[in-house]
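Read through the structure below, which is laid out as structure tokens, and then see the notes.
It should be emphasised that the depicted structure is a prediction, and the values quoted were computed from it without experimental measurement. Order of listing sets the numbers, starting from 1, for every ligand and every atom in it.
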Amino acid sequence: MKNAELINIALKAREKAYSPYSGFAVGAALLCKNGKVFSGCNIENSGYSATNCAERTAIFKAVSEGETEFERIAVVGGNSHEKIPSEYCPPCGICRQVMREFCDADFEIIIAKSESDYKVMTLAELLPMSFDKREF
Ligand code: THU
């Protein structure tokens, strides 16, 4: 699957974001090694710490459906009023650690504003010297 297609799925997932407290809508699209795609959005809560990020929504959906082998994730986020985000939304630290549980060092994180404007970074770059029982 092309990066642009995965970003497009993330942008569609972002439309489902439930973010009344921050006004910041995030979408993610996770590509499994077998070609399946799981999307997710951020889901906030009035008890702020109960909020779930878009990336973790997508990863937890996949793991709960039996998928644990992942290749790439596309992430888009920005002010809820913007249809196309004007900024990049790098994954938060908790999401990076969750990725670390299931993904290899070369897992690609596509941090996008649109289908044509994005950066690609590996998990090893975004989470160096990380804690896990496995080695990079
Ligand atoms: N958020 C994500 O969904 N993913 C990230 O990687 C960064 C932050 C969400 C959490 C919260 O609902 C809103 O963005 C503002 O922090």
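In this structure, atom 9 (C) of ligand 1 lies nearest to the protein heavy atom Asn42 ND2, 3.6 Å. Nearest to atom 7 (C) of ligand 1 among the protein's heavy atoms is Cys89 SG, 4.1 Å. In terms of protein heavy-atom proximity, atom 11 (C) of ligand 1 is nearest to Glu44 OE2, 3.2 Å.
In this structure, Lys33 pairs ionically with Asp104, as a charged nitrogen and a carboxylate oxygen lie closer than 4.0 Å. For Glu87 and Lys113, the salt-bridge test fails: no basic side-chain N is under 4.0 Å from an acidic carboxylate O. Under a 4.0 Å N-O distance rule, the pair Glu15/Lys83 qualifies as a salt bridge.
Between Ala54 and ligand 1, an N or O atom pair is found at a separation short of 3.5 Å.
The CG atom of Asn42 sits 8.0 Å away from the CZ atom of Phe24 when rounded to the nearest 0.5 Å. In this structure, Leu30 CG and Arg56 CZ are separated by 14.0 Å, a value rounded to the nearest 0.5 Å.
Under 4.0 Å from ligand 1, heavy atoms of Cys53 appear from its side chain as well as its backbone.
In terms of heavy atoms, Ala25 sits closest to Ala17 at CB-CB, 3.6 Å.
For ligand 1, the atoms lying closer than 4.0 Å to a non-hydrogen atom of Glu55 are 2 (C), 3 (O), 4 (N), 5 (C), 6 (O). Here is the list of ligand 1 atoms found below 4.0 Å of a heavy atom in Ser22: 13 (C), 15 (C). Short contacts between ligand 1 and Val26, defined as distances under 4.0 Å to a heavy atom of the residue, involve ligand atoms 1 (N), 2 (C), 3 (O), 4 (N), 9 (C), 14 (O).
Residue contacts with ligand 1 include Cys92, since one of its heavy atoms falls under 4.0 Å from the ligand. Distances from ligand 1 to the non-hydrogen atoms of Pro90 include at least one value under 4.0 Å. The shortest separation from a heavy atom of Pro91 to ligand 1 is under 4.0 Å, placing the residue in contact.
Side chains of Glu71 and Cys32 form no contact here, defined as non-hydrogen atoms less than 4.5 Å apart.
For Tyr21 and Tyr48, the gap between ring centers is short of 6.0 Å.
Per-atom contact check: atom 3 (O) of ligand 1 touches the protein, criterion being a heavy-atom distance below 4.0 Å.
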